[in-house]
Amino acid sequence: MQAPTIGGVRVRKGDGETVRLARGSSLTDFAEKIGVDAAALVQMLFSLGEMVTATESVNEATLELLGEELNYVIEVVSPEDEDRELLESFDLEFGEDEGSEEDLVVRPPVVTVMGHVDHGKTKLLDALRNANVVAKEAGGITQHIGAYQVATEVDGTDRRITFIDTPGHEAFTAMRARGAQSTDIAVLVVAADDGVMPQTVEALNHAKAAGVPIVVAVNKIDVPAADPTKVRGQLSEYGLVPEEYGGDTMFVDVSAKAGTNLDGLLEAIVLTADASLDLRANPTQDAQGLVIEAHLDRGRGPVATVLVQRGTLRVGQSIVAGPAYGRVRAMIDEYGDNIEAADPSRPAMVLGLTAVPGAGQNFIVVEDDRVARQIAERREARERAAMQAKRRVRRTLEDFMASMEKGASQELNLILKGDVSGSVEALEDSLANIDVGDGVSLRVIDRGVGAITETNVDLAAASDAIIIGFNVRPQGKATAMAEKEGVEIRYYSVIYQAIDEIEAALKGLLKPEYEESSLGQAEIREIFRSSKIGNIAGCMVISGVIRRNAKARLIRDGNVAADNLDLSSLRREKDDVTEVREGFECGLTLRGFNDIKQGDIVECFEMREIARA
């Protein structure tokens, strides 16, 4: 096979073999894999309408395009495989219990509480752990993920259960999905008066997708309109058949407000765990687990709420969590008390990390700070390369020409800052789903946890971006700098307000759409000729209104003889007037148009802007 020549450089074609590349790989990385000069790949992409440098991170679509041209199958390594390979290079493994069967001990079940907004999820947790969280929530909607452990007694044995509280608003779908993936059992809360609602079904689908057993808590049974039987019937249609109907799903009637039957719910969770799951872990190995939530505390620095899945996490150990690393300086339980160790299924707030990890990322204990730093730095570099590739939107010459023909597209750049990483992630996902047409696009150029800094303002000024602050405020001179640079900062505490306003802003960037609105018609009865003005039409208004400076068209024998004319002057008797209504006579002229005849109809119309839905 003759190798193709591009710009005088010969490029070897493949035989359909697979090339594995990390996310955000550059053309140099690809060139090294297939043994060609990176400059040849740059020229090849240029000929395909892509302008890319040899060391620039490129996205998956561009790599696949290049692979097709050179007859290679491009396989971009998934983040999970990427991380596993990274840990293997340090002789570490995530997700496996070490030791023999004798080393495994029973661990508490991890339970996620799901359901429709305002069905009482937070109140139920509130009642279970006797602490008031609801009062602190903006708009009555849970904004953050929290993890709590409660104790109960089943058949004379003390048992513990770990609860993960996931937010209830539909904008937090991503967080709720992640909550299902880190859990053993899902508790589906359904209000006895409302029944099954859209987010109930959404939460149910997440739990089913995660393959976890489901316990249904029928809440608010103390309200007058409560109908627990109706809830059971509705959920049976979705495959959750109650045990009393011959199914295998436990339904428990509770009232979070009155504290009714909470012990029954805890017992149902323990029984479901014992019947359906083999929940065991090795408490003696190095700890591994998930970051449930993380935020930046002004006094304590980065704080991460972690869930230990196996092993025991102890104060003083070196850990790496996503791109963050550090030594565990202190651990705090859900009641604010210091603890020295956290065993399997135990949630704890960890202090001592160098940065704020992302919610849902895994953590692992390593032998020393040096190894932790190396893993974190390589993770961060890979994530940065992947992000750069994601930001770089592939743009072909055809795209460019199409946008030139219909007018340049508008783009709204955003910088997101929030108090916790889960909220930032959920906000970004929700904004990405806003669709207002092809003419306008939204791009998140940066996101982070913590106060709005001068660096954020600098980036916003350079890229004409708007800064969105979710439960955070500027620090230092950031406010003064934003005013000086003309950077807009918007603050929100409830996520759907941010989504609504950003959507409105995007619609504002769209070019206005107009529709024609007919005003009226006038029949030409007489024509007067003027050497100065041209032909003047003496008309009778036969419908609607004729308005000066409006648009007009001339209709002759039912056909449009001329369109988009300007109605330049309008008189009634000897007076200039703004408009003439039906049943009155008038004289009018059409700017630059004199081909008028008796019996012609002058139709007057205006273009009105359409309000966007």
Side-chain angles (χ1 to χ4, degrees), residues 1-95 320 322-325 355 358 361-362 364 366 370-400 443 445-446:
M1 177 171 40
Q2 183 67 33
T5 302
I6 295 181
V9 182
R10 197 171 292 281
V11 182
R12 181 179 67 85
K13 274 210 170 189
D15 295 318
E17 60 258 45
T18 299
V19 177
R20 293 182 87 241
L21 292 169
R23 295 175 303 151
S25 292
S26 65
L27 296 185
T28 302
D29 299 327
F30 187 23
E32 287 173 359
K33 292 269 189 180
I34 62 174
V36 302
D37 187 2
L41 299 185
V42 172
Q43 291 182 29
M44 177 173 278
L45 271 183
F46 186 74
S47 71
L48 294 169
E50 283 276 6
M51 294 182 66
V52 180
T53 64
T55 56
E56 185 179 348
S57 293
V58 290
N59 58 24
E60 194 171 332
T62 305
L63 291 172
E64 287 175 355
L65 173 71
L66 204 52
E68 284 175 18
E69 289 293 314
L70 294 172
N71 198 25
Y72 287 102
V73 177
I74 303 298
E75 182 185 316
V76 177
V77 181
S78 69
E80 293 77 22
D81 288 345
E82 209 174 78
D83 204 54
R84 193 188 68 251
E85 289 169 11
L86 172 62
L87 292 176
E88 283 174 356
S89 67
F90 288 91
D91 292 326
L92 295 168
E93 197 170 339
F94 181 85
V320 56
Y325 68 96
Q361 292 181 324
N362 61 52
I364 189 168
V366 295
R370 180 182 58 82
V371 173
R373 187 180 70 251
Q374 288 175 348
I375 294 173
E377 286 174 353
R378 284 170 65 175
R379 275 178 172 172
E380 188 177 17
R382 287 183 175 184
E383 202 58 46
R384 195 186 308 119
M387 192 58 67
Q388 285 170 350
K390 186 178 173 184
R391 286 180 195 164
R392 187 180 185 283
V393 179
R394 182 174 173 273
R395 188 177 176 83
T396 64
L397 287 173
E398 288 81 5
D399 294 336
F400 181 73
R443 192 159 68 108
I445 60 172
D446 192 22

In terms of side-chain geometry, is the basic nitrogen of Glu60 or Arg23 positioned less than 4.0 Å from the acidic oxygen of its partner?
no
Closest non-hydrogen atoms of Ser57 and Gly24, given as atom of the first, atom of the second and distance, are OG-O, 3.0 Å
Interatomic distance, CG@Asp29 vs CD1@Ile34, rounded to 0.5 Å, equals 11.5 Å
Compare all side-chain heavy atoms of Ser25 with those of Lys33 and state whether any distance is below 4.5 angstrom. no
Between Pro323 and Glu380, the two heavy atoms sitting closest are CB-CB, 4.0 Å
Check ion pair Arg20-Glu85 (N to O, under 4.0 angstrom) = yes
Minimal heavy-atom distance between Ala355 and Ala324, with the atoms involved, is O-CB, 3.4 Å
Contacts of Glu64 meeting salt bridge (charged side-chain N to carboxylate O under 4.0 Å, His left out) (sequence neighbours excluded), chain-then-number -> none
Side chain to side chain contact (heavy atoms under 4.5 Å, CB included) filter on Val366, not counting sequence neighbours, yields Leu92, Ser318, Val320, Ile364, Val371, Ala372, Ile375
- Within a strict 4.5 Å, meaning less than it, do heavy atoms of the Leu27 and Leu66 side chains meet? yes
Heavy atoms of Arg378 and Ser89 approach each other most closely as NH2-OG, 3.8 Å
Can a donor-acceptor pair be found, under 3.5 Å and without considering hydrogens, that links the side chain of Thr28 to the backbone of Ala38? no
Value for OH (Tyr325) from CD (Gln374), rounded to nearest 0.5 Å, stands at 10.5 Å
Which of Val58, Leu70, Val52 passes side-chain contact (heavy atoms from CB on, under 4.5 Å) with Leu41? It is Leu70
task: For the residue pair Val19 and Leu63, establish whether any side-chain heavy-atom pair is separated by less than 4.5 Å.
output: no
